[in-house]
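Sequence lines set the chain letters: A, B, ... in the order given, protein chains first and strands last, and positions in each chain run from 1.
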Amino acid sequence: MSAPQPTPDLTRLPDAAGWFGPYGGSYIPETLAPACAQLAEEYARAASDPAFEEQLGALLRDYVGRPTPIQRADRLTAFVRDGAPAGRGAEIWLKREDLAHTGAHKINNTLGQALLARRMGKSRVIAETGAGQHGVASATAAAHLGLACDVYMGAEDARRQRLNVVRMRLLGARVVEVDAGSRTLKDATNEALRDWMGSVAHTHYIIGSVVGPHPFPMIVRDLQSVIGREARAQCLERLGRPPDAIVACVGGGSNAAGIFFPFIDDTGVRLIGVEAGGLGEAPGRHAAPLNFGTPGVLHGSLSYVMQDADGQTADVHSCSAGLDYPGVGPEHALWKDAGRVDYTRVTDDEALDAFSRLARLEGIIPALESAHAVAHAIDQARRMPAGAVVLVNLSGRGDKDVDEADRLLAERNTRG
Amino acid sequence: MSRVAEAFDRLRAEGRRGLAPFVVAGRPGLDRLGETLEALEGAGATMVELGVPFSDPIADGPVIAAAMHRALTDGGVRPHAILDAVAQARGRVTIPLVAMVSVSIVHRLGPAAFCRDAAAAGLDGLIVPDAPVDEAAPIRAEAAGAGLTFSHLVGPQTTGDRLARTVGASTGFVYLLARAGVTGERADAPDIAGRVAAIRTQTDLPVACGFGISTPEQVRAVVRHADAAIVGSALVRRIEDAILAGRDPVADAADAVADLARGLDPADG
């Protein structure tokens, strides 16, 4: 709600109160304000504590399997060049976050936050989850570090992502299915916040994306920035230069923030966030607040959001549970306004095509979320010179999506 | 002087304590708002908190969240329709009316326009439960300009400098959260003596206390320390039950408030 102001140095945000320019802040019930302040203080201490860095670094190396590789996608690149005009068709490279333990980038964040929970003396963690990847990653971190874990998941998402529900239970977490509202990620987030209001004394809420009140958008971005730091070093080593463009899908925006942030100062690198275009551009048919939304408050911060004229959160749709969310992280809102990142969208159908394409051409079944990034990268690469490089953040693997993708592909075939 | 200040001044002058029922606007329908407010006033309400339905009320428990959901989906209740209904109803009651409204709605409608329209409709104050002290400054300024009180919430862990700033930024009354967690009925009476005392070292404003207050006994325990008890979920549940059962929700609401008001009388029980 601040007045418009000149774009600040994008690498030094947020400010002490959690503002990314006019976005962010901390719009939360008073009950949660002391907990957020405690978290911000503990994070500041941890960030300057070599022991924390060492502990997290060891976990990421030995337990998660980092660094994840970057891989040139040769057959996908050949497919791109087949359909491109002469001299066009950039090389596509993949940052293989799908190879991280639990099969997605989400673990980078949950291990860091679980360590923070332990430092704060909290014995229980809770999480919201859409696709189930963050829930699995939270349950995994909790199991590994000896914390109790409850995961809130919309009932519709629990149906779509049954495999991950089973995984969370096997990992010892309690999965609480949420029947309210649209029974998806937004409603799971509401319930997790309600739990935290009553349990804040002994519970840490591991928010799964760069959303929520300060300091969550900052902490999650920092923890996910390992993706971009690795990718930058790997590109310099393998290509001798940064890539020409980086493409990542954006729901709440954590994998995108993680890979974009270390490249923010590399102004020659085009950064492209891909939102869920769903079934079309009409309200309720997509989940693309940076494409179609307006600034508003949802789940603790001011950012772009899909809402009606009264400020009521609007319904959204995506075939991908992880992108089926009406809000987006406040730093993305600033990056959009500042023109540093371009935000586009990819429909359900285009994402499904890319899902199948990557499976057949590279032997990688991507998460439906990540398939949105692959879809746009194919399109983008066709329009770029043959010597250029597009790096895609392949944020997760698609085992969780096989039933849903199978159903959607069959539905499409009968549709003709 | 605002109706909020007048109402609490009168309580203090008469050595009494107050009861502030919370109802969800649009439950029952907005066409019955005036009648509902009259019934609440008649049953002993000192002030009424009018909840503006929001799609994602994270501070509210299942009873209020469900009532808000029904108001939005069944009733299509919109903020400006609520303000129109308040304007119609305002002449029927003399007690102060304060709106509890999410920052998401205030931001979307614009703090200046919303505060202006709310005051013009006859509302007396605002509670914006998801705009804590640092975030609320722009809304507070507009509220003050429009002549609306602005009451911040004080939580169980709001202490020290934060307590001073939160209380210092409030006008009209301070809203003390009886406990952590979301709205909803609880079996026990909260122990608020120390926290009310801490607030009173910072301000002369009256203290109204809510969250989990559902019986006359709990009202009595709360007003031993606070100037007024706020009752939400217990009343909203009575109204919702009546609507679903086909009874008259206004009569049930009046009965519920009259029953709770027994807790204001030290001689009773």
Side-chain angles (χ1 to χ4, degrees), chain A residues 1-3 16-19 24-38 178-182 186-187 189-203 212-214 294-303 305-315 326-327, chain B residues 52-62 65-66 68-69 72-73 77-82 101-111 114 128-139 152-160 162-163 166 175-177 179-184 211-212:
Chain A
M1 236 165 275
S2 317
W19 291 97
S26 198
Y27 293 96
I28 44 173
E30 178 61 20
T31 305
L32 297 179
C36 288
Q38 179 198 20
V178 177
D179 251 322
S182 56
K186 167 184 83 98
D187 310 287
T189 306
N190 290 343
E191 282 309 313
L193 282 164
R194 286 178 182 133
D195 178 314
W196 204 32
M197 299 260 297
S199 63
V200 63
H202 64 279
T203 295
H214 179 65
T294 48
V297 179
L298 177 67
H299 292 149
S301 55
L302 176 56
S303 182
V305 60
M306 295 311 305
Q307 56 178 202
D308 71 10
D310 294 338
Q312 310 287 358
T313 311
D315 287 337
Chain B
V52 177
F54 178 49
S55 54
D56 298 273
I58 55 173
D60 285 308
M68 286 190 166
H69 184 71
L72 289 172
T73 54
V77 170
R78 302 187 57 179
H80 275 104
I82 296 171
V101 55
S102 169
V103 68
S104 299
I105 294 173
V106 179
H107 180 271
R108 178 66 167 170
L109 298 176
F114 179 78
V128 185
D130 45 4
V133 60
D134 296 322
E135 263 55 25
I139 305 176
H152 273 296
L153 276 61
V154 172
Q157 295 183 58
T158 310
T159 55
R162 187 172 179 89
L163 176 66
T166 300
Y175 190 137
L176 175 65
L177 297 169
R179 49 191 117 214
V182 295
T183 57
F211 268 48

- In terms of heavy-atom pairs under 4.5 Å with chain A, which of P53(B), G155(B), S55(B) leads? S55(B)
- Relative to chain B, which of T313(A), L32(A), D195(A) shows the most heavy atom pairs under 4.5 Å? T313(A)
- Not counting sequence neighbours, which residues clear salt bridge (charged side-chain N to carboxylate O under 4.0 Å, His left out) with R179(B)? List them please. D188(B)
- Item | Inter-residue atom distance L298(A).CG - Y27(A).OH, 0.5 Å rounding | 13.0 Å
- A65(B) portion near chain A, given a 4.5 angstrom heavy-atom threshold: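 When you check distances to chain A, only side chain atoms of A65(B) fall under 4.5 Å.
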- Item | Contacting region of A314(A) [heavy-atom separation from chain B under 4.5 Å] | neither
- chain B contact via D308(A) - which portion, at a heavy-atom distance below 4.5 Å: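 Just the backbone, heavy atoms under 4.5 Å.
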- Message: Looking at every non-hydrogen atom in both residues, tell me the closest pair between D310(A) and R108(B) and how far apart they are.
- Response: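 Scanning both residues completely, I find the closest heavy atoms to be C-CG, 3.7 Å.
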- Mind ranking A309(A), A192(A), P213(A) by heavy-atom pairs under 4.5 Å with chain B and telling me who comes out on top? A309(A)
- Note on the structure: Taking every heavy atom of L302(A) against every heavy atom of P295(A), the minimum-distance pair comes out as CD1-C, 4.2 Å
- Query: Looking at S26(A), A33(A), G296(A), which one has more heavy-atom pairs under 4.5 Å with chain B than the rest?
  - Reply: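 Ranked by heavy-atom pairs under 4.5 Å with chain B, first place is S26(A).
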- Item | Option that, when pairs with chain B are counted at under 4.5 Å, heavy atom only, ranks first among V200(A), I28(A), T294(A) |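 Most pairs with chain B among the choices: I28(A).
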- Item | Listed partners of T166(B) passing side-chain contact (heavy atoms from CB on, under 4.5 Å), at least two apart |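 side-chain contact (heavy atoms from CB on, under 4.5 Å) check on T166(B) returns E30(A), V133(B), H152(B), V154(B), T158(B), R162(B).
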- Task: Measure I58(B) against the heavy atoms of chain A and call it side chain, backbone, both or neither at under 4.5 Å.
- Result: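 Its backbone and side chain both get close to chain A.
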- Query: Top residue by heavy-atom pair count (under 4.5 Å) with chain A, among D134(B), D60(B), V128(B)?
  - Reply: D60(B)
- Item | Minimum side-chain heavy-atom gap L109(B)-P79(B) below 4.5 Å | yes
- Task: For D187(A) and S182(A), indicate whether the former's side chain and the latter's backbone hold a donor-acceptor pair under 3.5 Å.
- Result: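 At least one qualifying donor-acceptor pair exists.
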- Item | Heavy-atom proximity to chain A below 4.5 Å, by part of L177(B) | side chain
- Would you name the heavy atoms of F54(B) and M68(B) that are closest together and state the gap between them?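 In terms of heavy atoms, the two residues are closest at N-SD, 3.7 Å.
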